[in-house]
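The structure appears below as C-alpha cells.
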There are 2 protein chains.
Amino acid sequence: MSQHRHPGASGRAGAVPALPDLPEATVARLPEYLRALHNLADAGHETVSSEGLSAAAGVNSAKLRKDLSHLGSYGTRGVGYDVALLIEQIEYVLGLTQRRAVALVGVGNLGHALAGYDGFASRGFRIAALLDADPSRVGEEINGLVVRHVDELPAIAVEESIAIGVIATPAAAAQRVADQLVAVGVTSILNFAPCVLSVPEGVDVRKVDLAIELQILSFHEHRKASLTALPATGGSALTALPGGLAATDTQEAIGT
Amino acid sequence: MSQHRHPGASGRAGAVPALPDLPEATVARLPEYLRALHNLADAGHETVSSEGLSAAAGVNSAKLRKDLSHLGSYGTRGVGYDVALLIEQIEYVLGLTQRRAVALVGVGNLGHALAGYDGFASRGFRIAALLDADPSRVGEEINGLVVRHVDELPAIAVEESIAIGVIATPAAAAQRVADQLVAVGVTSILNFAPCVLSVPEGVDVRKVDLAIELQILSFHEHRKASLTALPATGGSALTALPGGLAATDTQEAIGT
DNA sequence: AGGCGCTTGTGAAGACGTGCACAAATCGCG
DNA sequence: CGCGATTTGTGCACGTCTTCACAAGCGCCT
Ligand SMILES: NC(=O)c1ccc[n+]([C@@H]2O[C@H](COP(=O)([O-])OP(=O)(O)OC[C@H]3O[C@@H](n4cnc5c(N)ncnc54)[C@H](O)[C@@H]3O)[C@@H](O)[C@H]2O)c1
Ligand SMILES: NC(=O)c1ccc[n+]([C@@H]2O[C@H](COP(=O)([O-])OP(=O)(O)OC[C@H]3O[C@@H](n4cnc5c(N)ncnc54)[C@H](O)[C@@H]3O)[C@@H](O)[C@H]2O)c1
C-alpha cells in the first residue's frame, strides 16, 4: 500500500483538527459505518451499540470498536454511541464536511450511468464537470451538466476546484487522461479502466475493475465445485461446521 | 481441465482438481497478472521475467513470484515465465476455462452500462440474462438480449446454468433479489447496491461501491491537505509541481 | 448509596501479508 | 565442459490486521 511513513506529530494539542493517522483498513470501513449510521438515523435511532452497528455494517463488533477508538470518538459505556455525533465525527475525518468536486472524464457507456447517479450527491460529492474527447459528445447535456472537451480541463479545474478525477475512458486513453488530471493538480483519481496507472508520488489512485471482481468470484466458484466433488462424509447439504473454514474478506453469511 | 504436468520436481500424483488453497490476497491479484499477461502476449512476448510482469501489473516482484509459486506455476530460472503457459495456468485456477454465465438483475441506469460492456465477454464471462421487475422494461432488447421479468429467474437459472448473479437494483430491492438468486442456486453474487447483503453460508458476495471509493480518496485528500497546512516549511502554498513528468513512478496505487 | 447489568475501550496473541536477500537452478558461450 | 550471468523460489523478519477476552466506566434500579 502506501509506502510513505509520516513521521510522528500525531500528538497535536489542537482541539478539533487533530487528524489521526488511521490504519488503511480502518479508513476503508469508515464509509460503511457511515452509511449504516445514516440508515439508523433515518430510522429514528439516537444511539447504537457496537453490536448493533457492526451488524448493520456487516463486520465484527470488536473490530468496529477498535476502528472507532482509533479516531478518538467516544461512545458511552453501558449505552453505546450517539448516532448523530458519530456521523459528524466520521464525516469530519473523511473530509466530507466540504463537498468535493468531481470531474468525470469519458462520458461513454459507463460514464453516462455515473453521470446520472445520485449516489454522488447524497454521499458528499458533486459532479462538477463531464469531459470527453469525442467532439460529437461535447455539448450533450446530461442531468443538467453539459459535456465539455477534455482539453478544457485546465480552465475547468480552476473554475470548479476539482478535487477528484474519475476516469471512465477506454484503457488505451486512461494513462493520458491521468497525466492530464495530474497536470492540473488533481491528486486523487478513481479509475474504471482496466489498466495500471502510473502517477507521481503523492497522487492516490483507486481502481474499480468489474472483471476482476467476477474473476475472484469465479475462483471461489471453481474451488467450491472442486470441493463438493471430494468429501465423502455425510450427504447433507451444508454441514454447520462451527468456527471452521475461514471467512474471506468477502462478506459471507451473517449467521449466528 | 487440461493441466500441465511438469517434468520432475513436485509432481503431485493426486487427481485432477487438486486446487491449491491460495491466500485471498493472491487470488485478488491473479486477475491483474492475467490482464498484464494478455497484453504481453498481444505484444508478441513469449516469456517474461517476474520483474517485467510485476511492473506491468503494478506490484512488487517478490510478491508476484510468491503468488505464482503458490499456485505451483513454474517459471524457468534464468529465463522467466512462459507467457502462454502462465495464462493457461491462471485461467485454470480462476476457473475461467469454462465461460461462466452471468445474470444481471436490475437493468436501470447502471445496468444498461453493464449490459453493454464488452469486458464481460473478453474476460471469461457471458451475460446470459437481463432481468428487471419493472414491466415497462421487460421486453426491451439490449445488445441482443431481451430483458425478462425477474420472476422468470427460476426457469432462466436452469436454462442458462447461471453461475454468478450481478445485482444492480436500488438498495431497497437488493436483499430481496439476493434471496431470489440464492433460492435458484446461485452461490456467487456481485452487488452494486450500497447495502449489506445477508446470505447463507457458502454463498460469496462481493461488493462494488463507488461512493466508498470516493470517500476513501476524500480521506487521503483531507489528510494531505491537513499536512501541507501545518509544516512550517516556508515554501509557497503552491505545491511545487515536479519539473518534468513523473521521474519515478513509484506506484502509490492503493491496492485491494 | 450501592450494586448490577450492560457496553466500551484495549492488551495481548495469533493470523496474515509483505519485502528483503540469497541459495539454487538454468541458459548461453567460450 | 565449465563458468558467469540471470532469474526463480523461498526462508526469515517485520509490520499490519483480526479476534478474543476482560477490566473499567456508565446508567439505572432498588
Ligand atoms: N461499461 C461498463 O459497464 C464498464 C464496466 C466496468 C469498466 N468499464 C470500463 O470503463 C471504461 C469506459 O467504458 P465504456 O463502456 O463507457 O466505454 P465507451 O467507449 O462507451 O466510452 C468511452 C468514452 O471515453 C471517451 N474518450 C476516449 N478517449 C478519451 C480521452 N483521451 N479523453 C476523454 N475522453 C475520452 C470516448 O469518447 C467515449 O465517450 C472502459 O475502460 C471500460 O473497460 C466499463
Ligand atoms: N448509476 C450508477 O452509476 C451507479 C453507480 C454505483 C452504484 N450504483 C447503484 O446501483 C444500483 C442501480 O443504480 P441505477 O442508477 O441503475 O438505478 P436505477 O433506478 O436506474 O435502476 C434500478 C433498476 O432496478 C430495477 N428494479 C427495482 N427493483 C427490482 C427488483 N426487485 N428486481 C429486479 N429489478 C428491480 C428497476 O426497475 C430499475 O430498472 C443502485 O443501488 C445504485 O446505488 C449505481
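Chain naming here is simple, since letters A, B, ... match the order of the sequence lines and numbering starts at 1 in each.
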D21(A) CG to dG15(D) C1', straight-line distance once rounded to whole Å: 14 Å

Phosphate OP1/OP2 of dT8(C): any S50(A) side-chain N/O under 4.0 Å: yes

Y74(B) OH to dT7(D) C1', straight-line distance once rounded to whole Å: 18 Å

Closest to side chain of V79(A), choosing from dG27(D), dT7(C), dT7(D): dG27(D)

Any Y81(B) side-chain N or O less than 4.0 Å from OP1/OP2 of dG9(D): yes

Closest to side chain of A62(B), choosing from dG19(C), dG9(D), dG9(C): dG19(C)

Whole angstrom value for the distance that separates C1' of dG9(D) from CG of L71(B): 13 Å

Short side-chain N/O contact to dT10(D) OP1/OP2 from K66(B), under 4.0 Å: no

Closest to side chain of R77(A), choosing from dT19(D), dT8(D), dT7(C): dT7(C)

Flag for T47(B)-D82(B): side-chain donor and acceptor within less than 3.5 Å: no

Electrostatic pair K207(B)-E32(A), nearest N-O below 4.0 angstrom: yes

Candidates dG17(C), dA21(D), dT7(C) - which lies nearest the side chain of S49(A): dT7(C)

Salt-bridge criterion met for D204(A) and R223(B) (N-O under 4.0 Å): no

Phosphate OP1/OP2 of dC17(D): any N60(A) side-chain N/O under 4.0 Å: no

Interatomic distance, L53(B) CG vs dT7(D) P [rounded to whole Å]: 14 Å

Nucleotide of dT18(C), dT8(D), dT10(C) approaching A25(B) most closely (side-chain heavy atoms): dT18(C)

Whole-Å distance separating the NE2 atom of H70(B) from the P atom of dT8(D): 17 Å

Closest nucleotide among dG9(D), dT18(C), dG17(C) to the K63(B) side chain: dT18(C)

Between T97(B) and E91(B): side-chain donor-acceptor atoms closer than 3.5 Å: no

Integer-rounded Å distance: dT18(C) P and L68(B) CG: 14 Å

For atom CG of D67(B) and atom P of dG9(D), their distance in whole Å: 12 Å

R99(B) atom CZ: more than 12 heavy-atom contacts under 6.0 Å: yes

Contact under 4.0 Å: R29(B) side-chain N or O vs dT18(C) OP1/OP2: yes

Nucleotide dG19(C), atom C1' - distance to CD of E51(B) in whole Å: 12 Å

